[in-house]
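For clarity, every value in this text was computed on a predicted model and none was experimentally measured.
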Amino acid sequence: MSKIRKHSSKIVDGFARAPSRAMLYPVGFKKEDFQKPQVGVASTWSMVTPCNMHIDKLAYKALDGINSAGGKAVIFNTITISDGISMGSEGMKYSLVSREIIADSIEAVVGCQGFDGVIAIGGCDKNMPGCIMALARLNRPGIFVYGGTIKPGKNHTDIVSVFEAVGKFANKSISEIELENIESSAIPGPGSCGGMYTANTMASAIEALGMSLPNSSAQDAISNDKNNDCINAGKAVLNLLNKDIKPRDIMTMKAFENAISIVIALGGSTNAVLHLIAIAKAADIDLTIDDFTRIGAKVPVLADLKPSGKYMMSELIEIGGTLPLMKMLLDANLLHGECMTVTGKTLAENLANVEPYTNQNIIKSLNNPIKKDSHLVIIKGNLAPKGAVAKITGKEGLIFKGTAKCFSCEEDSLEAILNDEIKAGDVIVIRFEGPVGGPGMREMLAPTSAIMGKGLGDKVALITDGRFSGGTHGFVVGHITPEAFTGGALAIVEDGDEILIDAKNNVLELLVDKAIIEKRLSNWKQPKAKYTKGVLAKFAKLAKSASEGAITD
């Protein structure tokens with residue numbers, strides 16, 4: 001049995017497998033193809049979102065690369081859903097759940113069909129970790145290809161501009177016509193959300209992890225570079241097959257440390273904490289939230305990118321993408337250069353000839369960082385004894401003390417914000433939105449954007465057992481664990497309670513007497529589950545806590 005046809009030979013070799021071969025002739029196989037390594041191309045193409053609407057074409061580019069290198073490509077599909085469309089609605093509860101469905105479906109198809117290698121192409125937020133989790137589970141030579149970023153909309157707008165315009169309209173600072181103009185021009189075509197939100201964050205992290213070709217994370221969705229990236233990935237997977245380099249050879253602990261370092265330097269999304277832990281679990285790497293604190297102590301924030309900064313990913317692409325940043329970090333001993341990558345070379349070898357940035361304002365120097373340590377702050381305390389994730393760029397300040405205004409779902413909080421019921425000094429508490437309680441751990445982009453649109457970004461804080469979009473900025477804390485639904489202290493916070501968020505000392509405290517907290521907890525009763533059938537009920541039953549990546553495996 002050929003080492004590069006380890007799996008497909010069991011499906012198509014020998015007289016007993018004639019029925020299998022018979023099924024493959026009508027889908028395009030020729031007799032000689034049965035002796036070639038088979039490579040599955042997992043396409044997340046869908047017309048439900050601009051992030052993925054072009055990926056069918058990219059899948060065929062990958063097919064061309066595979067076939068030209070001597071393999072036999074087979075394209076198959078998995079799902080995608082749109083966070084941006086479902087945000088703020090009940091539908092958003094399916095978002096994180098889709099990560100698990102994507103991982104499960106890719107694993108199922110590749111395992112069933114006996115593919116020897118895999119290329120997975122993803123665009124929207126949950127596609128990417130779902131694809132990489134599947135590659136880690138399968139541990140067959142594989143590569144991830146990012147679908148690419150979108151171009152800026154009119155007047156340098158993007159999807160977060162639209163969410164924040166809702167708050168401005170409610171605040172009567174823009175007209176209905178102005179709102180309509182923003183919503184109709186902010187998304188000009190295919191590609192993932194244009195700031196350093198979750199999609200671009202995870203694409204960059206996956207490249208630093210070694211699972212994408214160099215610069216795959218920093219290419220426009222509609223570009224010759226992205227087409228060539230797919231063709232080259234097709235060729236590269238055959239090289240991995242020949243060298244027998246598998247995902248778990250690449251996804252080591254040091255590789256995850258590289259991924260975390262890039263996320264921090266770029267000022268990336270809090271979702272990276274959740275997803276990198278989930279991917280690590282799939283690869284049998286013991287990554288924890290405390291590793292983000294350890295690495296964050298020495299890696300600075302360098303990128304002036306949206307949401308808290310000025311620039312978009314397309315503008316970073318114009319000055320050279322993420323490779324010069326990675327070279328800068330490598331030269332400063334902030335990346336592990338010896339880590340293997342999907343090129344078959346080490347990270348240091350991939351970066352050897354990369355030229356530094358010139359004449360640009362997007363990436364700051366190590367001597368003049370935006371923040372000298374990580375913006376992803378893991379905080380603990382009586383409200384989050386097992387951890388929570390704060391996104392603190394320094395622009396919001398480092399300490400916030402205020403009084404609680406409590407809401408049992410995202411919709412109620414948004415209504416209160418838009419109706420001017422939130423005042424300076426408030427700490428908005430949104431609970432029962434965790435992995436189990438939601439279920440599904442919705443992102444709170446609608447309320448955080450409304451806060452910004454209302455001009456309250458530096459005047460209020462928001463804490464939740466849900467999570468945040470990469471487009472969120474402001475004084476926010478999410479992923480609070482244990483979550484309210486499972487009896488975490490967040491469940492017993494009352495309006496008017498004083499809350500301290502201290503990002504200097506990494507503390508989240510309910511400033512109420514311990515005896516009162518214990519009495520409230522003893523009287524608390526768990527609410528009824530919101531879903532008892534279907535995929536959300538399954539997720540609620542199986543999901544681990546946010547600090548464990550909210551995985552179901």
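- In the model, Arg467 has a side-chain atom that pairs as donor or acceptor with a side-chain atom of Ser95 under 3.5 Å.
- Although no hydrogens or angles enter the test, the distance criterion places a donor-acceptor pair under 3.5 Å between the side chain of Ser185 and the main chain of Asn181.
- Under the salt bridge (Lys or Arg N to Asp or Glu O under 4.0 Å) rule, Glu494 has a single partner from Lys405, Arg520, Arg431, which is Arg520.
- Between Pro435 and Ala543, the shortest heavy-atom contact is CB-CB, 4.1 Å.
- Remark: Asp291 engages Arg294 in a salt bridge, criterion side-chain N to carboxylate O under 4.0 Å.
- Surrounding NZ of Lys459 are more than 12 heavy atoms belonging to other residues, nucleotides or ligands, all under 6.0 Å away.
- A side-chain donor-acceptor contact under 3.5 Å links Asn127 to the backbone of Gly123.
- Between the side chain of Lys519 and the main chain of Ser522, no donor-acceptor pair closer than 3.5 Å is present.
- Using a 4.5 Å heavy-atom cutoff, the side chains of Ile501 and Ile399 are not in contact.
- Side-chain contact check for Met251 versus Leu209: some heavy-atom pair is nearer than 4.5 Å.
- A donor-acceptor contact shorter than 3.5 Å is absent between the side chain of Gln360 and the backbone of Ile319.
- With rounding to the nearest 0.5 angstrom, the CD atom of Glu315 is 8.5 Å from the NZ atom of Lys310.
- Atom CD in Glu207 sits 11.5 Å away from atom CG in Asn258 (nearest 0.5 Å).
- Glu509 places no side-chain N or O within 3.5 Å of a backbone atom of Ile499 that could act as its donor or acceptor partner.
- Of the N and O atoms on the side chains of Glu164 and Ser449, not one donor lies less than 3.5 Å from an acceptor on the other residue.
- Interatomic distance, CG of Asp158 versus OG of Ser314, reported as 10.0 Å (0.5 Å rounding).
- Note that the CE atom of Met441 and the CG atom of Leu96 stand 7.0 Å from one another [nearest 0.5 Å].
- Of the possible polar contacts, none joining the Thr472 side chain to the Phe468 backbone as a donor-acceptor pair under 3.5 Å is found.
- Applying the side chain to side chain contact (heavy atoms under 4.5 Å, CB included) test to Thr481 and every residue at least two apart in sequence or in another chain returns Lys386, Ser545, Ala546, Ser547.
- The main-chain N or O of Gly268 is found under 3.5 Å from a side-chain atom of His375 such that the two form a donor-acceptor pair.
- Here Asp220 pairs with Lys151 under the side chain to side chain donor-acceptor pair (under 3.5 Å) rule; sequence neighbours left out.
- To the nearest 0.5 Å, atom CG of residue Leu316 and atom CD1 of residue Ile362 are 5.5 Å apart.
- Other residues, nucleotides and ligands contribute over 12 non-hydrogen atoms within 6.0 Å of the CD atom of Glu421.
- For the residue pair Ser308 / Thr393, no side-chain donor-acceptor distance below 3.5 Å is found, with atom types taken as modelled.
- Using a distance-only test at 3.5 Å, with no hydrogens or angles considered, a donor-acceptor pair links the side chain of Asp513 to the main chain of Ala515.
- Taking a 6.0 Å sphere around CD of Glu178, one finds it holds more than 12 heavy atoms contributed by other residues, nucleotides or ligands.
- The two residues Met313 and Ser204 come nearest to each other via the heavy atoms CE-OG, 4.2 Å.
- Between Lys126 and Asp83, at least one side-chain nitrogen of the basic residue sits less than 4.0 Å from a carboxylate oxygen of the acidic one, meeting the salt-bridge criterion.
- Using a 3.5 Å distance cut-off with no hydrogens or angles, the side chains of Asn200 and Tyr146 do pair a donor with an acceptor.
- The closest side-chain heavy-atom distance from Val477 to Ile379 is below 4.5 Å.
- Residues Leu287 and Phe292 share a closest heavy-atom pair of CD2-CE1, 4.3 Å.
- The aromatic rings of Phe432 and Phe485 sit perpendicular to each other, their planes meeting at more than 60°, with 30° as the lower class boundary.
- For the pair Lys401 and Asp502, the salt-bridge criterion is not met [side-chain N within less than 4.0 Å of a carboxylate O].
- Between Arg442 and Asp465 there is no salt bridge, since none of the side-chain N atoms of the basic residue sits less than 4.0 Å from a carboxylate O of the acidic one.
- Atom CG of Asp553 has 12 or fewer heavy atoms from other residues, nucleotides or ligands within 6.0 Å.
- To the nearest 0.5 Å, atoms CG (Asn382) and CG (Leu500) are separated by 9.5 Å.
- Shortest non-hydrogen contact noted between Ala272 and Val263 is CB-CG1, 3.8 Å.
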